[in-house]
Amino acid sequence: MLDINLIRRDPHLVRSALVARNEDPTLVDRVLEIDARWRALLTQVEELRAERNRVSREIGRMKDPAQREPLIAQMRAVGDRIAELEDQVRAAEIERDDLLLRLPNLPHPSVPIGPDERHNVIVQQWGEPRLFEFDPLPHWDLGPELGILDFERGVKLVGSRFYVLWGVGALLERALIAWMLHVHTHEHGYTEVYLPFVVKRECLVGAGQLPKFEDNLYHDVEDDIWLVPTAEVPLTNLHRDEILPPDALPLKYVAYTPCFRRERMSAGRDIRGIKRGHQFDKVEMYQITTPETSYDALEEMLEHALDLCRRLEIPHRVVQLCTGDLGFAAAKTYDIEMWAPGCGEWLEVSSISNCEDFQARRANIRYRPEPGARPRFVHTLNGSGLALPRVVIAILENYQQPDGSVLIPEVLRPWMGGLERIG
RNA sequence: GGAGGGAUGGCCGAGCGGACGAUGGCGGCGGUCUUGAAAACCGCUGUGACCGGAAUGGUCACCGGGGGUUCGAAUCCCUCUCCCUCCGCCA
């Protein structure tokens with residue numbers, strides 16, 4: 001959520017940010033109009049409440065009923081008027097907040113301006129795509145042939161975009177999770193967290209998925225419980241409504257969770273293989289920092305994710321997203337893409353974002369800079385480290401051999417009982 | 001799932017219709033005293049919103065959440081959530 005004071009003070013800045021994101025800039029004017037109405041009504045209510053408080057205190061002190069009666073009658077009328085105005089204030093507040101909750105974050109000045117992903121900027125690349133002496137297969141052929149990936153059973157159990165991993169395929173998935181968690185906790189300084197995979201509605205508002213992106217979420221109607229689309233949601237809400245003490249920051253968390261997404265918006269896209277499923281595993285890095293240090297933390301998290309990519313020895317590149325491709329809550333985002341020679345595309349295996357105080361405002365996460373000082377909003381950052389199925393794709397397709405077997409990356413072998421090869 | 005008891009400021013704990021944003025204690029901060037420290041004593045000690053150029057300024061709201069009764073609610077009523085105890089069930 002944007003600071004309403006910023007919108008009041010500098011509406012032009014917010015309008016141009018919305019334009020850069022392909023959003024309607026007149027939203028700003030609607031917010032300002034409702035906000036002005038809200039403030040006018042609020043002033044009225046508060047003046048009437050002050051009067052009622054004052055007179056009610058007087059009534060309490062009076063003993064003579066004859067004196068009290070007229071004042072009580074008078075205050076009853078004031079009370080009715082207050083109730084009317086309160087309804088109007090509440091209505092204006094709801095309308096304003098609903099708009100405010102739908103405004104995306106402001107892009108950081110370093111973000112390239114552009115309408116869509118064609119304007120993203122490749123900022124670095126590691127490794128060269130391997131030269132194959134045969135036609136590399138896509139993972140949707142390799143996996144089933146190796147007997148580790150089963151699309152039919154997934155469809156049988158749930159439907160399209162679900163799959164089953166068998167044997168070494170399941171082991172590979174589990175090894176990746178364990179290895180990534182190990183590196184982040186032992187070498188990158190993160191604390192591992194095991195989280196609920198479902199959350200209540202307000203957590204999704206806090207992290208920015210609601211009210212705008214309800215379409216993409218699975219939801220239990222009976223209890224109003226929602227499956228997490230990413231660990232970022234529960235991680236953001238861990239400290240919701242808290243004031244963190246001085247010296248608490250930065251907080252660095254890492255969590256494995258499955259992620260659940262309906263993918264309604266992407267119907268028909270990426271239907272082959274395991275690139276885009278309704279359920280996938282992800283290890284997520286998360287940091288809560290002071291406003292002064294969040295951009296250093298962003299670079300640090302990018303480095304932590306790249307470290308994993310290099311150790312897996314898979315060619316990859318870093319892409320900086322332009323304004324038009326930026327996620328709703330993000331001020332600045334780097335994607336990491338791994339090369340997949342079988343399906344012939346760069347796969348997004350990580351997305352690392354600084355949300356600045358956008359989520360902190362929604363989730364009301366603050367910190368106290370000094371003992372006794374006024375609380376300030378924290379900055380929150382999230383980054384995949386890494387998203388599993390796409391790493392599995394990259395491993396299968398990059399490490400495939402002419403005989404149809406797949407070598408296991410060196411770093412993962414200790415996590416797979418010393419296994420060197422699949423098939 | 002059944003029966004009962006709770007939820008108050010950083011913590012403990014009073015208050016059960018009228019000057020309560022809330023007695024008291026602990027903790028924390030500042031001061032007096034002291035070579036220094038402790039003890040003792042004194043003072044301060046929540047969050048947010050609105051108005052205002054600003055104030056050590058004014059007003060409003062907040063005693064788990066929401067709603068109601070009343071001139072007036074931390075206090076009364078309804079409802080939801082969570083916690084505790086006992087019973088049942090179970091990984």
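Proteins get letters first, then strands, A, B, ... in listed order; numbering begins at 1 in each.
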A.B. asks: When you check every protein heavy atom under 4.0 Å of nucleotides 44-65 of chain B, what one-letter string (B, S, -) results, 5' to 3'?
C.D. replies: ---SSSSS-------BBS----

A.B. asks: How would you list all residue pairs meeting ring pair (Phe, Tyr, Trp, His ring centres under 6.0 Å) that involve residues 140-169 of chain A, not counting sequence neighbours?
C.D. replies: F162(A)-H278(A)

A.B. asks: Please list, one pair per line, the donor and acceptor atoms closer than 3.5 Å that link side chains of residues 50-58 of chain A to other protein atoms, with sequence neighbours excluded.
C.D. replies:
residue, atom, partner, partner atom, Å
N53(A), ND2, R49(A), O, 3.4
S56(A), OG, R52(A), O, 2.9

A.B. asks: In this structure, how many angstroms lie between the P atom of rU70(B) and the CD atom of Q74(A), rounded?
C.D. replies: 18 Å

A.B. asks: For RNA chain B, which ranges pair as stems of 3 or more consecutive Watson-Crick or G-U pairs, with both donor-acceptor distances under 3.5 Å?
C.D. replies: B:1-7 with B:81-87, B:10-12 with B:24-26, B:27-32 with B:40-45, B:46-51 with B:57-62, B:64-68 with B:76-80

A.B. asks: For residues 406-421 of chain A, which side-chain N or O atoms pair as donor and acceptor with protein atoms under 3.5 Å away, sequence neighbours left out?
C.D. replies:
residue, atom, partner, partner atom, Å
R413(A), NE, I408(A), O, 2.8
R413(A), NH2, I408(A), O, 2.9
R421(A), NH1, S405(A), OG, 2.5

A.B. asks: Return each pair, listed once, that meets ring pair (Phe, Tyr, Trp, His ring centres under 6.0 Å) where at least one residue sits in residues 282-301 of chain A; pairs must be two or more places apart or across chains.
C.D. replies: H108(A)-Y295(A)

A.B. asks: Which whole-number value in Å describes the distance from E202(A) CD to rC80(B) P?
C.D. replies: 18 Å

A.B. asks: Partners of D10(A) by salt bridge (charged side-chain N to carboxylate O under 4.0 Å, His left out), sequence neighbours excluded?
C.D. replies: none

A.B. asks: Which residue, R68(A) or L71(A), contacts RNA chain B at a nucleotide closer to its 5' end, judged by nearest heavy atom?
C.D. replies: R68(A)

A.B. asks: Taking ring pair (Phe, Tyr, Trp, His ring centres under 6.0 Å) as the test, write out the residues that go with F260(A), two or more places apart.
C.D. replies: none

A.B. asks: Hey, can you pull the residues of residues 77-89 of chain A with a non-hydrogen atom under 4.0 angstrom from RNA chain B?
C.D. replies: none

A.B. asks: Name the closest nucleotide to the S56(A) side chain, picking from rG67(B), rC71(B), rA19(B).
C.D. replies: rC71(B)

A.B. asks: Less than 3.5 Å apart, which donor and acceptor atoms pair up between the side chains of residues 36-46 of chain A and the rest of the protein, not counting sequence neighbours?
C.D. replies:
residue, atom, partner, partner atom, Å
R37(A), NH2, E95(A), OE1, 3.0
W38(A), NE1, E93(A), OE2, 3.1
T43(A), OG1, R39(A), O, 2.8

A.B. asks: So, using ring pair (Phe, Tyr, Trp, His ring centres under 6.0 Å) as the criterion, who are the partners of H219(A) when residues are at least two apart?
C.D. replies: W226(A)

A.B. asks: Taking ring pair (Phe, Tyr, Trp, His ring centres under 6.0 Å) as the test, write out the residues that go with H12(A), two or more places apart.
C.D. replies: none

